[in-house]
Trainee: 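Here it is, the structure, as structure tokens.
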There are 2 protein chains.
Amino acid sequence: MKQYIPLLSQSTLFGGLPEVQLDDILAIAAEKTMNNGEMIFFEGDPADGFYMVAAGMVKIYKLSPNGKEQILHMFGPGEPFGEVPVFAGGVFPANAEAVKNSTVLFFPRKKFVDLVSEKPYLALNMLAVLSKRLRHFTIQVENLSLKEVPARLAGYFLLLSEEQKNTRHVTLNISKGQLAGFLGTIPETLSRMLRKMSDQGLIEVEGRKIRLTDYDGLIDLADTGRLEAAEI
Amino acid sequence: MKQYIPLLSQSTLFGGLPEVQLDDILAIAAEKTMNNGEMIFFEGDPADGFYMVAAGMVKIYKLSPNGKEQILHMFGPGEPFGEVPVFAGGVFPANAEAVKNSTVLFFPRKKFVDLVSEKPYLALNMLAVLSKRLRHFTIQVENLSLKEVPARLAGYFLLLSEEQKNTRHVTLNISKGQLAGFLGTIPETLSRMLRKMSDQGLIEVEGRKIRLTDYDGLIDLADTGRLEAAEI
DNA sequence: GCAATGGCTTGACTTAGATCAAATCCCGTT
DNA sequence: AACGGGATTTGATCTAAGTCAAGCCATTGC
């Protein structure tokens, strides 16, 4: 069960606090297995608990009236999702769908609230998790409204490069279509941008493997925004 | 001091919990007065505490390299802000500026964390506040990436109309320039959209007073997206 | 081996909205 | 009442990115 630790240890801020009893928290969880593409919940569904990914991967997204999909988050093993309505009340604000065959844990709200009242450090951990998520959203809003697609894309590559230790060689963990949704654009546009960026020698694309051939150029692109037209 | 209650009572979810001692929380706060336009903190500043608006109004925003401003939040009396780094660690992810002459309370992180360990219900209240903020961001991301400016604007009017009891007659509480920043656009575009919308009889604009002349039309616009060109 | 399906790429076209520049309005001061 | 400066509006233009329509791999199943 040790693979579930991320939920509980994500914050080292309050390290002086006693160790959480993993069994306590896992005791109140119910396990569900989901197939790739299966919906976990829909926007608007009443929420009486939250989830955590045990295995696989889950995407949280919104749809526009004409079907364009904006991915808000992708969550992997150990990451909780759908907590908002548990604390704020009401309904799920977005859709959740398994993007691989996955196992998720469900935590009924009542049980969790009871538990959290007993164990304050659990609440502090949860606060840290929500705070980090809030920060991610801050960045996402900034990206969507202040940066153009190439800048967002460059930023995404740099992020990947930090996550994966191989500084110059990253591998997409999602399909390009999904990546487009995550960046707030559409597959066609993403495809063109990838092409432009490789034309300019910033990257080399081979399927899901991306070589970052001009790291500094990417950094520059990521925050100053503009992708110059290729001048031979 | 009763005007500070919103922080503590925003969640009725956990109503069974004992009443918070307002004095406890206010005891650890320091008061600052700010002039209109004065900065409270900058993006990247190290954070050792969070704030709450006591009087006036504060905007939280990001800037693009070329100066465009995206407002993330506007906070009024009783609303806490800048809590994210307190729980997630690190630095402020955006700028905070007083948009009126204002008074803010500052809560040093260490003192607050100590207090929260003693009073679990305080943490639960904080969780509720952060969760609601997270939900707002969900909506903001959706708006920015999936909806066009007229739809966002219509949505904003409908929101205002709910907040202010007068169903057909709303008053902007911020300048149009600020509103543009909040909607992720620029003043020129906002101005044109307001014009289009009044040309179509959806609203009537008179300074900061807006009459919602076609409520159903606005609802339609807010979620199906498109503003038809005015015929004739 | 060869449909066939889904993911990706490409091209031609359209459009929402940003930029630039110039009025004009509005309001608190002097 | 005249002044000055910010806020707002308007017009002309430009551009990033979305839409529509085809074609192209590349895998999976038959």
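Side chains are part of it too, since the values below use all heavy atoms of this structure and drop only hydrogens, waters and symmetry mates. The sequence lines fix the lettering, A, B, ..., with proteins before strands; numbering per chain opens at 1.
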Trainee: Quick one: ring-ring contact (aromatic ring centres under 6.0 Å, His included) partners of F182(A), sequence neighbours excluded?
Mentor: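 F182(A): ring-ring contact (aromatic ring centres under 6.0 Å, His included) contacts with Y156(A).
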
Trainee: Could you check which of dT8(D), dA16(D), dT9(D) has an atom nearest any side-chain atom of E148(A)?
Mentor: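 Between dT8(D), dA16(D), dT9(D), the one nearest the side chain of E148(A) would be dA16(D).
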
Trainee: Distances for protein N/O vs nucleotides 26-30 of chain C N/O pairs under 3.5 angstrom?
Mentor:
none

Trainee: Think T189(A) has a side-chain N or O under 4.0 angstrom from the OP1 or OP2 of dG18(D)?
Mentor: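 Looking at the OP1 and OP2 atoms of dG18(D), one of them is under 4.0 Å from a side-chain N or O of T189(A).
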
Trainee: Is any side-chain heavy atom of K132(A) less than 4.5 Å from a side-chain heavy atom of F87(B)?
Mentor: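 K132(A) vs F87(B): side chains apart.
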
Trainee: Could you list all the ring-ring contact (aromatic ring centres under 6.0 Å, His included) pairs where at least one residue sits in residues 201-220 of chain A, not counting sequence neighbours?
Mentor: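 Residue pairs with at least one partner in residues 201-220 of chain A: there are none.
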
Trainee: For the pair made of CG in L146(A) and P in dT19(C), what is the distance, rounded to whole Å?
Mentor: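 Whole-Å distance recorded here is 11 Å.
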
Trainee: Decide yes or no for D216(B) and D220(B): does some side-chain heavy atom of the first lie under 4.5 Å from some side-chain heavy atom of the second?
Mentor: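 Heavy-atom side-chain distance check fails, nothing below 4.5 Å.
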
Trainee: What is the distance, rounded to the nearest whole Å, between atom CD of Q178(B) and atom P of dA7(D)?
Mentor: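 One finds 8 Å between P of dA7(D) and CD of Q178(B), rounded.
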
Trainee: Considering only residues two or more places apart or on different chains, which pairs with a residue in residues 169-180 of chain B satisfy salt bridge (charged side-chain N to carboxylate O under 4.0 Å, His left out)?
Mentor: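 For residues 169-180 of chain B: none.
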
Trainee: Is the distance between the ring centroids of F137(B) and H136(A) less than 6.0 Å?
Mentor: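 No; H136(A) has its ring centre 6.0 Å or more from that of F137(B).
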
Trainee: Counting only side-chain heavy atoms from C-beta out, which of dC8(C), dT9(C), dT19(C) sits nearest to I186(B)?
Mentor: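 For the I186(B) side chain, the nearest candidate turns out to be dT19(C).
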
Trainee: Starting at atom CD of E188(B), determine the distance to atom C1' of dA16(C), rounded to an integer number of angstrom.
Mentor: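 These atoms are roughly 15 Å apart.
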
Trainee: Collect all protein-nucleotide pairs involving nucleotides 12-14 of chain D in which both atoms are nitrogen or oxygen and the distance is under 3.5 Å.
Mentor:
unit_1  : atom_1 : unit_2  : atom_2 : d
dA12(D) : N6     : R192(B) : NH2    : 3.4

Trainee: Between L179(A) (CG) and dT9(C) (P), how many Å, whole number?
Mentor: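 Taking CG of L179(A) and P of dT9(C), I get 11 Å after rounding.
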
Trainee: Measuring from the side chain of R152(B) (C-beta onward, heavy atoms only), which nucleotide among dG18(D), dA18(C), dG17(C) has the closest atom?
Mentor: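 Of the candidates, dG17(C) comes closest.
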
Trainee: Taking CG from L194(A) and C1' from dG7(C), how many angstroms apart are they, rounded to a whole number?
Mentor: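 Nearest whole value for this atom pair: 14 Å.
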
Trainee: Any side-chain N or O of K176(A) under 4.0 Å from OP1/OP2 of dT9(C)?
Mentor: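 For K176(A), the contact criterion (side-chain N or O under 4.0 Å from OP1 or OP2 of dT9(C)) is met.
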
Trainee: So which pairs with a foot in residues 65-75 of chain A pass salt bridge (charged side-chain N to carboxylate O under 4.0 Å, His left out), sequence neighbours left out?
Mentor: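 Every salt bridge (charged side-chain N to carboxylate O under 4.0 Å, His left out) pair that includes a residue of residues 65-75 of chain A, provided the two are not neighbours, is K59(A)-E69(A).
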
Trainee: Need the bend value for the helix from dT9(C)-dA22(D) to dT30(C)-dA1(D): angle between end axes, 5 pairs each end, nearest 10°.
Mentor: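 Overall, the helix from dT9(C)-dA22(D) to dT30(C)-dA1(D) bends by 40° from one end axis to the other.
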
Trainee: Under the side chain to side chain donor-acceptor pair (under 3.5 Å) rule, collect the residues that match up with Q70(A), sequence neighbours excluded.
Mentor: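 With neighbours one apart ignored, the set is S145(B).
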
Trainee: It should be established whether R195(A) places a side-chain nitrogen or oxygen under 4.0 Å from OP1 or OP2 of nucleotide dT10(C).
Mentor: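 Affirmative; the distance criterion is met.
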
Trainee: I need the CG-C1' distance between L172(B) and dT8(D), as an integer number of Å.
Mentor: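 L172(B) atom CG is separated from dT8(D) atom C1' by 13 Å.
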
Trainee: Would you be so kind as to tabulate the donor-acceptor pairs closer than 3.5 Å made by side chains of residues 32-51 of chain B, with sequence neighbours excluded?
Mentor:
unit_1 : atom_1 : unit_2 : atom_2 : d
E38(B) : OE1    : N35(B) : N      : 2.8
E43(B) : OE2    : K62(B) : NZ     : 2.9
D45(B) : OD2    : F42(B) : N      : 3.0

Trainee: Applying side chain to side chain donor-acceptor pair (under 3.5 Å), can you list everything that pairs with R133(B), at least two apart in sequence or on another chain?
Mentor: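 Side chain to side chain donor-acceptor pair (under 3.5 Å) list for R133(B), sorted by chain: E83(B).
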
Trainee: Quick one: which of dT10(D), dA18(C), dG17(C) gets closest to the side chain of V149(B)?
Mentor: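 So the side chain of V149(B) is nearest to dG17(C).
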
Trainee: What integer distance in Å separates K196(B):NZ from dG17(C):C1'?
Mentor: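 Rounded to whole Å, this separation is 9 Å.
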
Trainee: Roughly how many Å is it from CE in M193(A) to P in dT15(D), rounded to a whole number?
Mentor: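 Atom CE in M193(A) sits about 14 Å away from atom P in dT15(D).
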
Trainee: Quick one: side chain to side chain donor-acceptor pair (under 3.5 Å) pairs with a partner in residues 181-194 of chain B, sequence neighbours left out?
Mentor: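 Residue pairs passing side chain to side chain donor-acceptor pair (under 3.5 Å), neighbours aside: none found.
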
Trainee: Sequence neighbours left out, what pairs pass salt bridge (charged side-chain N to carboxylate O under 4.0 Å, His left out) with at least one residue falling in residues 96-108 of chain B?
Mentor: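 Found none.
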
